[in-house]
Amino acid sequence: KKDFKLMRLAKPIVQKLWPAIPFAELYQELYARVTEECNYRVEAQYQQRFAEMFVNDPDIRIPRVVHELCTARVLVSEFVEGCKFGDFVQNAKPAEKQRVAHAICRFYTQSLYGHGIFHADPHPGNYIIDRTGKVCLLDFGSVKVWSPEYLREWRALVRAVILDDR
């Protein structure tokens with residue numbers, strides 16, 4: 001909270017130096033994401049939502065949340081044994097790497113374009129390859145949900161870029 005107070009104090013300086021930066025909007029978004037990320041009940045809800053979205057995907061796994069043990073400060077989910085993503089990349093055969101890469105791409109495109117929700121912490125430490133070869137995604141503390149209107153506009157923009165429609 002102290003960091004956010006300091007950011008508010010810096011607002012006049014930032015606006016003077018970089019007037020084009022929408023400081024108030026950026027501050028509100030950052031504050032909302034960080035505050036949300038610190039509440040494990042919210043993270044558990046997001047994790048459950050993603051699990052439901054990908055329950056039938058043959059290559060994606062989201063650990064089951066143990067809701068009765070979760071609090072605002074504690075998140076409990078099933079333990080997943082597997083291989084670290086970096087180890088997988090070093091040791092897997094090309095076909096397995098391609099299958100996993102497709103699964104990760106499918107996860108992000110389907111969640112964003114199909115459901116309007118984005119797992120906003122995509123780094124190798126948040127992926128485990130489980131014993132069955134599924135990509136297990138972890139850490140749902142940083143998630144962004146977009147409104148249907150925003151998503152509609154975003155899809156139109158992506159479509160225009162792909163079709164070179166100016």
Side-chain angles (χ1 to χ4, degrees), residues 1-8 24-152 154-155 158:
K1 291 187 178 192
K2 289 180 183 180
D3 289 339
F4 284 107
K5 187 175 182 178
L6 287 173
M7 284 178 65
R8 279 195 313 271
E25 291 174 29
L26 290 172
Y27 175 86
Q28 287 176 324
E29 183 67 24
L30 182 61
Y31 185 82
R33 296 293 73 77
V34 170
T35 303
E36 200 171 74
E37 191 169 354
C38 294
N39 184 336
Y40 291 125
R41 280 193 180 112
V42 172
E43 182 172 347
Q45 290 170 353
Y46 283 138
Q47 187 168 328
Q48 180 67 39
R49 185 170 173 183
F50 277 96
E52 291 167 4
M53 288 168 20
F54 290 95
V55 68
N56 294 319
D57 191 292
D59 298 312
I60 296 172
R61 178 178 178 183
I62 311 297
R64 181 183 57 81
V65 175
V66 184
H67 289 283
E68 58 273 12
L69 298 177
C70 294
T71 69
R73 298 182 66 178
V74 175
L75 173 65
V76 179
S77 64
E78 74 173 305
F79 178 76
V80 176
E81 276 195 58
C83 176
K84 292 179 182 177
F85 186 75
D87 294 341
F88 171 81
V89 169
Q90 286 184 337
N91 300 315
K93 294 178 180 166
E96 282 299 297
K97 290 179 186 179
Q98 185 174 22
R99 183 185 59 76
V100 165
H102 282 268
I104 292 170
C105 287
R106 190 169 58 252
F107 172 81
Y108 283 98
T109 55
Q110 285 182 7
S111 60
L112 176 59
Y113 297 112
H115 302 277
I117 186 170
F118 182 70
H119 177 279
D121 200 4
H123 68 80
N126 285 338
Y127 309 129
I128 295 174
I129 310 307
D130 77 8
R131 291 183 174 186
T132 68
K134 288 185 176 189
V135 180
C136 179
L137 288 104
L138 309 171
D139 192 355
F140 293 86
S142 185
V143 169
K144 173 67 179 171
V145 179
W146 278 284
S147 69
E149 299 80 27
Y150 183 88
L151 196 57
R152 205 170 20 259
W154 177 252
R155 286 180 185 136
V158 170

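These numbers were taken from a predicted model, which means no experiment stands behind them.
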Any residue meeting ring-ring contact (aromatic ring centres under 6.0 Å, His included) with Phe85, in chain and number order, not counting sequence neighbours: Tyr127
Could you work out, with salt bridge (Lys or Arg N to Asp or Glu O under 4.0 Å) as the rule, every residue matching Arg155, not counting sequence neighbours? none
For Pro63, is there any backbone N or O sitting under 3.5 Å from a side-chain donor or acceptor partner on Glu78? no
Option from Ile62, Val143, Asp139, Val65 for which side-chain contact (heavy atoms from CB on, under 4.5 Å) with Tyr46 holds: Val143
Run the salt-bridge test on Glu96 and Arg99 with the 4.0 Å N-O cut-off and return the result as yes or no. yes
Of all the heavy-atom pairs spanning Ala44 and Leu75, show the shortest one and how long it is. CB-CD1, 3.5 Å
Side chains of residues 49-56: which donor-acceptor partners sit under 3.5 Å, not counting sequence neighbours?
unit_1 : atom_1 : unit_2 : atom_2 : d
Glu52  : OE2    : Gln48  : NE2    : 3.0

Can you check side-chain contact (heavy atoms from CB on, under 4.5 Å) on Leu69 and Val74, steps first, answer last? CA-CA 8 Å; Leu69 298 177; Val74 175; over 6 Å; no
If you draw a 6.0 Å radius around OH in Tyr40, do more than 12 non-hydrogen atoms from other residues or ligands fall strictly inside? no
On a heavy-atom basis, which atom in Ala103 and which in Val135 lie closest, and how many Å separate them? CB-CG2, 4.1 Å
Asp57/Lys134 salt bridge by N-O under 4.0 Å criterion: no
Separation between SG (Cys136) and CD (Glu81), nearest 0.5 Å, reads 12.0 Å
Would you compute the distance between atom CZ of Arg131 and atom SG of Cys83 and round it to the nearest 0.5 angstrom? 11.5 Å
Can you tell me how far CG of Asn39 sits from OG1 of Thr71, rounded to the nearest 0.5 angstrom? 8.5 Å
Would you indicate whether the side-chain heavy atoms of Phe107 and Leu137 approach each other to under 4.5 Å? yes
Per the side chain to side chain donor-acceptor pair (under 3.5 Å) rule, what does the pair list look like for residues 115-126, sequence neighbours excluded? Tyr108-His119, Asp121-Asn126, His123-Asn126
So, using side chain to side chain contact (heavy atoms under 4.5 Å, CB included) as the criterion, who are the partners of Lys84 when residues are at least two apart? Asp87
Would you find more than 12 non-hydrogen atoms of other residues, nucleotides or ligands less than 6.0 Å from Glu149 atom CD? yes
Could you tell me the separation between the CZ atom of Phe88 and the CD1 atom of Ile129, rounded to the nearest 0.5 Å? 5.0 Å
Please round to the nearest 0.5 Å and tell me the distance separating atom CD1 of Ile60 and atom CZ of Arg106. 5.0 Å
Under the side-chain contact (heavy atoms from CB on, under 4.5 Å) rule, what do Asp59 and Val100 come out as? Steps first, then yes or no, please. CA-CA 7 Å; Asp59 298 312; Val100 165; over 6 Å; no
Applying side chain to side chain donor-acceptor pair (under 3.5 Å) to Thr109 and not counting sequence neighbours gives none
Could you please spell out the steps behind the side-chain contact (heavy atoms from CB on, under 4.5 Å) verdict for Arg61 and Val80? CA-CA 10 Å; Arg61 178 178 178 183; Val80 176; 3.8 Å; yes
Closer than 3.5 angstrom, by distance alone: can the side chain of Gln47 be matched with the main-chain N or O of Phe140 as a donor-acceptor pair? no
Before you tell me yes or no, could you show the steps for Tyr113 and Val158 under side-chain contact (heavy atoms from CB on, under 4.5 Å), namely the whole-Å CA-CA distance, both residues' side-chain angles and the distance that decides it to 0.1 Å? CA-CA 10 Å; Tyr113 297 112; Val158 170; 3.8 Å; yes
One should read off an interatomic distance between His102 NE2 and Gln98 CD, to the nearest 0.5 angstrom, of 4.0 Å
Indicate yes or no: at least one non-hydrogen side-chain atom of Ile117 is less than 4.5 angstrom from one of Lys144. no
